[in-house]
Amino acid sequence: MTEYENRIKSVLGGIVHPETGEDIVSSGIVEHITANGQDAVITLAFRKRRDPFANSIKRQVTAAVTEAFPELAGKIAVTEKEEAPAPPVKEKVSSTAGIRHILAIASGKGGVGKSTVTANLAVTLRDMGYSVGILDADIYGPSMPKMFGVEGYTPQAILRDEQEYILPAETGGTKIASTGFFMATTALKQLLHQTLWEGLDYLLIDLPPGTGDVHLSVVGEVKVNGAIVVSTPQQVAVADVRRGVNMFRAEGIDVPVLGIIENMAWFTPAELPNNRYYLFGKGGARNMARTEGIDFLGDIPIVQSVMEGGENGTPAVSIHPEVKKYYREIADKIVEKLEKTDR
Ligand code: ADP
């Protein structure tokens with residue numbers, strides 16, 4: 001800085017920013033001075049964008065320098081340093097964007113086998129060649145970690161394209177995100193939108209039993225392509241199903257109910273392979289489907305290995321050919337319905 005420029009600087013030291021009470025030199029607003037006897041360029045850098053005092057300070061600078069250095073009159077340029085343009089705000093993209101079909105699995109009551117059906121249906125679809133994920137939204141009793149043997153899984157966050165994602169647990173090709181990994185209701189939205197699903201053909205959402213906040217929050221967050229309701233044949237379960245179906249059909253929710261699955265429909269003891277015992281009554285859900293005008297997707301008997309499969313981390317369809325057959329029929333119906341609406 002030349003002697004001349006230094007003298008200008010000390011003159012500017014007498015100008016105070018009204019808001020901060022500090023002079024514009026020591027507070028760093030005077031960023032640069034280039035001057036000789038012919039002209040002067042003074043660059044000011046205000047701390048905030050569109051500082052309301054900028055114009056008045058610029059005028060004061062011109063006036064003070066003109067007064068102290070009359071030879072510069074009319075030759076003083078006071079410029080304002082342009083702020084670096086703010087980086088464009090990247091809009092957060094939900095990780096559900098690449099998912100072709102989102103299915104909600106619901107039930108009127110707890111204990112009817114909703115989670116078991118979700119797990120086995122997921123494996124069936126995967127065996128049919130689809131990429132499948134499960135979002136365990138049953139915040140009151142998340143059971144997917146146990147059903148797939150990934151209880152100890154601690155979700156990791158990774159950064160991709162400057163966005164944070166949650167890595168789902170993965171077992172046999174099925175991706176699983178469970179509230180059981182977090183045990184917090186607020187984690188649900190995060191699991192939905194931030195799990196690294198990487199595009200899926202099907203995302204199965206295991207809802208809590210009944211109707212409630214979680215259902216509303218899920219259908220409010222993503223477009224659910226279809227709801228599947230699981231029920232046992234008992235009359236009481238059927239009544240609860242009706243409530244669930246009505247919820248999906250309610251105005252403003254409008255999730256198509258793809259159909260009902262009747263679980264624990266009958267029992268066939270190994271020693272009497274041709275007998276069917278209807279322990280919970282016969283065809284309650286099937287009948288209800290007819291009276292309510294809902295499709296019946298199929299029934300699944302009570303099978304010991306279904307229960308054991310839920311306990312030991314391998315869904316029964318993987319090991320039990322008969323169970324596999326029942327699920328395959330159901331999955332075929334679901335796929336047909338959804339692929340049809342795709343075209
Ligand atoms: P929900 O998700 O509706 O609460 P679960 O899927 O946890 O129900 O099932 C409740 C219990 O019933 C579990 O112990 C499960 O293993 C068992 N279960 C479900 N479906 C069957 C079936 N078809 N045969 C035998 N046991 C079953």
Side-chain angles (χ1 to χ4, degrees), residues 103-124 134-151 174 176-180 188 204-212 214-215 218 227-234 236-245 247-248 259-270 273 275-286 296-331:
L103 301 179
I105 321 294
S107 71
K109 267 169 80 90
V112 299
K114 170 182 52 58
S115 303
T116 309
V117 167
T118 306
N120 283 285
L121 202 52
V123 174
T124 304
I134 296 175
L135 175 66
D136 185 359
D138 193 347
I139 53 172
Y140 309 111
S143 45
M144 288 305 150
K146 183 164 190 188
M147 291 199 174
F148 284 92
V150 291
E151 293 105 309
T174 305
I176 300 161
S178 169
T179 49
L188 185 62
L204 275 50
I205 303 181
D206 185 16
L207 294 171
T211 55
V214 172
H215 298 67
V218 166
I228 295 162
V229 181
V230 181
S231 177
T232 52
Q234 291 123 301
V236 54
V238 169
D240 293 317
V241 167
R242 187 167 289 141
R243 243 194 311 276
V245 168
M247 182 201 66
F248 287 116
I260 296 179
I261 296 174
E262 185 162 279
N263 190 32
M264 310 195 205
W266 69 86
F267 178 66
T268 299
N275 290 22
R276 285 186 176 191
Y277 294 95
Y278 297 93
L279 304 181
F280 300 129
K282 193 177 171 186
R286 187 191 284 265
F296 185 71
L297 294 172
D299 37 23
I300 298 153
I302 298 169
V303 182
Q304 177 125 8
S305 66
V306 168
M307 196 182 63
E308 285 162 2
E311 298 294 310
N312 65 20
T314 313
V317 289
S318 302
I319 41 174
H320 197 295
E322 193 197 335
V323 175
K324 184 175 176 159
K325 190 187 87 197
Y326 291 118
Y327 272 100
R328 181 60 196 255
E329 278 171 24
I330 292 171

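Order of appearance sets the numbers: ligands from 1, and atoms from 1 within every ligand. Keep in mind that what you see is a predicted model, and the values were worked out from it rather than measured.
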| message | Which of the numbered atoms in ligand 1 are under 4.0 angstrom from any heavy atom belonging to Lys114? | response | 1 (P), 2 (O), 3 (O), 6 (O), 8 (O)
| said: For a quick test of reading the model, state the closest non-hydrogen atom pair linking Asp299 to Ala265 and the distance between them. | reply: CB-CB, 3.7 Å
| query | Which residue owns the protein heavy atom closest to atom 22 (C) of ligand 1, what's the atom, and how far is it? | reply | Val306 CG1, 3.4 Å
| message | Check this for me: Glu151, atom CD, are more than 12 non-hydrogen atoms of other residues, nucleotides or ligands nearer than 6.0 Å? | response | yes
| said: For atom 20 (N) of ligand 1, which of the options Val303, Ile302, Asn263 provides the nearest non-hydrogen atom? | reply: Asn263
| query | Between Leu204 and Ala122, what is the shortest heavy-atom contact and its length? | reply | CD2-N, 3.6 Å
| request: Show which atoms of ligand 1 fall inside a sub-4.0 Å distance from at least one heavy-atom site of Ser115. | output: 1 (P), 2 (O), 6 (O)
| note | Minimal heavy-atom distance between Ser143 and Asp136, with the atoms involved, is N-OD2, 3.2 Å
| field | Part of Ser143 within contact of ligand 1 (heavy atoms, under 4.0 Å) | value | neither
| message | Side chains of Ile300 and Glu262, heavy atoms from C-beta outward: is any pair under 4.5 Å? | response | no
| query | Starting from atom 8 (O) of ligand 1, which protein heavy atom do you reach first, and at what distance in Å? | reply | Gly113 N, 3.0 Å
| Taking side chain as C-beta onward, heavy atoms only, is Ser231 less than 4.5 Å from Val112? | no
| remark: When every non-hydrogen atom of Tyr327 is compared with those of Asn120, the smallest separation belongs to CZ-CB, 3.3 Å
| message | Out of Ile300, Thr116, Asp138, who is nearest to atom 19 (C) of ligand 1 when you count heavy atoms only? | response | Thr116
| said: Under 4.0 Å from a heavy atom of Met264: which atoms of ligand 1 are those, numbered in the order shown and with their elements? | reply: 12 (O), 18 (N), 19 (C), 20 (N)
| message | Under 4.0 Å from atom 11 (C) of ligand 1, can you find at least one protein heavy atom? | response | no
| field | Minimum-distance pair of heavy atoms, taken over all atoms of Pro273 and Ala270 | value | CD-O, 3.5 Å
| field | Nearest option to atom 23 (N) of ligand 1, as decided by whichever heavy atom of Pro315, Ala106, Pro301 sits closest | value | Pro301
| note | the protein heavy atom lying closest to atom 14 (O) of ligand 1 turns out to be Met307 CG, 3.9 Å
| field | Distance from atom 4 (O) of ligand 1 to nearest protein heavy atom, with residue and atom | value | Gly111 N, 2.8 Å
